[in-house]
Amino acid sequence: MPAPRVLEAVGGGPFTFTGTTAVEAGPGTAGAARLLRSALGAATGLPLPPRRSGDEGPYVALAVDDDGFAAGPGLEAYRLDVDAGGVRITGGGVVGVHHGVQTLRQLLPPAAYRRAPVRSGPWTVPPVHVEDAPRFRWRGHLLDVARHFQPKDDVLRCLDLLALHKLNVLHLHLTDDQGWRLQIRRHPRLTEVGAWRPRTRLGHRASPLWDERPHGGFYTHDDIREIVAYAAERHITVVPEIDVPGHSQAAVAAHPELGNADAVDTAALGVWTDWGVSPHVLAPTDRTLRFYEEVLEEVLELFPSPWIHVGGDEVPTGEWRASPAAQDRIRTEGLSGEPALHAWFVSHFARHLAARGRRAVGWDEILDAGAGRLPPDAVVSSWRGYAGGIAAAEAGHDVVMCPEQQVYLDHRQHPGEVEPVPLGYVRTLEDVYRFEPVPPRLAGTPAAARVLGAQANMWTEAAETRQRVDYQTHPRLAAFAEVVWSDLPPPAARLFDDFRDRLEGAHLARLDALGVDYRPPAGPRPWQRRPGVLGRPIEGPPPIV
């Protein structure tokens, strides 16, 4: 899980891990060997020592291919061969070896995913030959830590679950109207003020219920360094999102001078306690631009990712229409109006990042009035449907497909009344499994190569705890992972029954061993329900837009 391209049973007996099983780590594979020892060693109690010259007996061998393997299926490709004499994992690159280790773990019993031994063995692996490589370069998951803060350990656990599913991008949504979650040393008020809100609405914004406890939290520089290093060892890129110019009320609450103070009383604003889209946006002033440049300078120091997400979505323009300073900026820059000012704002930071060797990523609104202003290497996250991604790809921009109607994991999983806080369209496990990142209009055209991959987004307005995030995310994330990794047929021809059998036959037991509070196939358990908390279900099938 996800399904490999080739999985063949071979003759002979199984391989058995014993107290003398050693690990031979070829050049560059020390990280994969460390992961193998830490994961399997904890679950089995076996030492798995390094293999020394002259050692005899079955062993596990990890190697990077030196004969052109990488030039064929790529650095993430791997081969896995198991027989009674040993296990051999060969990767097109170091990352391919890592993927092979993840597959080896899945060939063991689910107890191999526990943190301490619960059985004495035997720990056997069936004799098989596996050849595998991913379909897409970008296999992503967004975790919204701005609406409800997820402690650092929950983020590290999320990275483990992404690695299990061979996903390789964690998009951290770090700032929004409801909270600023990243320490910026030059601007400490962003977390002193912006990381905390006095109360939180429970459920959809039409709900009359409130949680009157203050909510907040943020990551220090060392927290982020730990998260990034932990991700890197699992070959996952952490893409930070610093939202501009909308979704910025938490920043304005901390620094009223960043807002449109000539149009509204920004000094009276606090961190937003409600959901939806705040009307309070950043002012298009030189002061604001320089402030966020300083923020991004610290972001670039912390995140080595080639991609930096700048948001750019859902930007109300009412304050700009009422702001003399904003109107003056429109005239000075020769812009056609407020939508063009939005594009100017985002493009400023996209060019700022490009000058520093990074690629800006933005939600698909950044194309609405600014395609010509964006650097050619800017990437578009297509969330409102497929249309933005199609337009971006045809205009020469790379695209990450994450249409709300298909792969927003905060949307409900079943039409039943017991579904907790039912939001959006019904997106069942099978619906996610039949998601196709490349829309028909692009399929078979040169623009199809612009689809870097896809991303499943987990927004947390109605998911205030790790338990709620688990419920919404799993096991649909397994279905999504197979879509972006495996070489599947077109959606209508996909063998969902086979996927479900593999899921229920083994994979849910792995999630059980890891303590994941997923949604069971039969529906929510009693403690997973949220009776009386208002959602906003949308009836009918989602549009393909």
Side-chain angles (χ1 to χ4, degrees), residues 142 144-149 173-182 187 189-211 214-218 241-285 288 291-292 295 309-323 325-326 338-339 341-343 345-346 349 362-366 368 383-384 404 408 410 423 457 459-464 536:
L142 177 145
D144 172 19
V145 297
R147 273 52 174 269
H148 277 102
F149 178 66
H173 184 74
L174 289 164
T175 72
D176 215 297
D177 300 311
Q178 297 86 2
W180 183 286
R181 306 296 177 211
L182 177 64
H187 301 294
R189 282 181 59 83
L190 285 172
T191 47
E192 290 172 358
V193 175
W196 310 95
R197 60 177 184 261
R199 65 175 187 162
T200 301
R201 189 181 294 277
L202 288 177
H204 183 255
R205 58 184 177 271
S207 168
L209 303 178
W210 291 87
D211 183 343
H215 177 83
F218 65 92
E241 180 178 355
I242 305 296
D243 230 324
V244 298
H247 288 288
S248 298
Q249 185 169 326
V252 175
H255 287 275
E257 69 276 12
L258 298 176
N260 297 281
D262 58 347
V264 296
D265 182 8
T266 56
L269 296 178
V271 177
W272 209 25
T273 59
D274 216 335
W275 310 129
V277 180
S278 169
H280 303 298
V281 302
L282 297 175
T285 62
T288 300
F291 183 98
Y292 271 82
V295 167
H309 209 294
V310 296
D313 62 314
E314 297 180 321
V315 181
T317 58
E319 285 187 355
W320 288 345
R321 285 194 299 272
S323 164
E338 291 78 19
L341 182 61
H342 172 198
F345 205 115
V346 172
F349 291 105
W363 303 107
D364 55 58
E365 286 96 326
I366 68 174
D368 287 349
W383 78 275
R384 292 180 293 178
E404 171 187 22
Y408 267 31
D410 55 321
L423 298 173
N457 295 346
W459 302 101
T460 61
E461 290 95 332
E464 71 279 11
R536 183 177 174 267

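- Heavy atoms only, all atoms of each residue included: Ser248 and Asp177 are closest at N-OD1, 2.9 Å.
- Within the 3.5 Å criterion, the main-chain N or O of Pro245 finds no donor-acceptor partner in the side chain of His342.
- Using bins of under 30°, 30° to 60° and over 60° for the plane-to-plane angle, the ring pair Tyr408/Trp459 lands in the tilted bin.
- Atom-to-atom distance recorded for Leu258:CG and Leu269:CG is 11.5 Å, nearest 0.5 angstrom.
- Taking the six-membered ring where the residue is Trp, His187 and His255 present perpendicular rings, their angle passing 60° and hence far from 30°.
- Residues satisfying the side-chain hydrogen bond (donor to acceptor under 3.5 Å, both in side chains) test with His204, not counting sequence neighbours, are none.
- With a 6.0 Å radius and a threshold of 12 heavy atoms from other residues, nucleotides or ligands, Arg536 has its CZ atom at or below the threshold.
- In this structure the side chain of His173 never reaches within 4.5 angstrom of the side chain of Thr460, judged on heavy atoms.
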Could you walk me through whether Thr317 and Glu338 pass the side-chain hydrogen bond (donor to acceptor under 3.5 Å, both in side chains) test, one step at a time? CA-CA 6 Å; Thr317 58; Glu338 291 78 19; 5.3 Å; no
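- Counting all heavy atoms, side chain and backbone alike, Thr285 lies closest to Thr288 at OG1-OG1, 3.0 Å.
- Of all non-hydrogen atoms in Leu202 and Ser207, the two that sit nearest each other are O-OG, 2.7 Å.
- With values rounded to the nearest 0.5 angstrom, Trp272 atom CH2 is found 7.0 Å from Gln249 atom CD.
- A 4.5 Å side-chain heavy-atom check between Leu190 and Val295 finds at least one atom pair inside the cut-off.
- Aromatic ring orientation, Phe345 versus Trp320: parallel (interplanar angle below 30°, classes split at 30° and 60°).
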Using the side-chain hydrogen bond (donor to acceptor under 3.5 Å, both in side chains) rule, take Trp275 and Gln178 through it: C-alpha gap first, then chi angles, then the decisive distance, then the call. CA-CA 8 Å; Trp275 310 129; Gln178 297 86 2; over 6 Å; no
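- Considering every non-hydrogen atom in both Ala253 and Val193, the closest pair reads O-CG1, 3.9 Å.
- Between Tyr292 and Leu282 there is a side-chain heavy-atom pair separated by less than 4.5 Å.
- Interatomic distance, Trp180 CH2 to Asp243 CG, rounded to the nearest 0.5 Å: 9.5 Å.
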For Arg205 and Asp274, run salt bridge (charged side-chain N to carboxylate O under 4.0 Å, His left out): C-alpha distance rounded to whole Å, both residues' side-chain angles, the deciding distance at 0.1 Å, then the answer. CA-CA 6 Å; Arg205 58 184 177 271; Asp274 216 335; over 6 Å; no
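- Proximity of His280 to Val252: side-chain heavy atoms (C-beta onward) are nowhere separated by under 4.5 Å.
- Using a 4.5 Å heavy-atom threshold, the side chains of Asn260 and Pro284 count as touching.
- Taking each heavy atom of Arg189 and Ala254 in turn, the nearest pair found is NE-O, 2.8 Å.
- Applying the side-chain hydrogen bond (donor to acceptor under 3.5 Å, both in side chains) rule to Thr266 yields no partners; only residues at least two apart in sequence or on another chain are considered.
- At least one side-chain heavy atom of Leu174 sits less than 4.5 Å from a side-chain heavy atom of Val145.
- When all heavy atoms are compared, the tightest approach of His215 to His148 is NE2-CA, 3.5 Å.
- From Thr175, atom OG1 reaches atom CZ of Arg181 across 10.0 Å, with rounding to the nearest 0.5 Å.
- To the nearest 0.5 Å, atoms CG (Asp176) and CG (Asp144) are separated by 6.5 Å.
- Checking side-chain atoms of Asp368 against main-chain N and O of Pro339 turns up no donor-acceptor pair under 3.5 Å.
- In this structure, the separation between CG on Asp313 and CH2 on Trp383 is 6.0 Å, given to the nearest 0.5 Å.
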Check the pair Trp196 / Val271 against side-chain contact (heavy atoms from CB on, under 4.5 Å), numbers first and verdict last. CA-CA 7 Å; Trp196 310 95; Val271 177; 6.0 Å; no
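- Between Arg147 and Thr200 the shortest side-chain heavy-atom distance does not fall below 4.5 Å.
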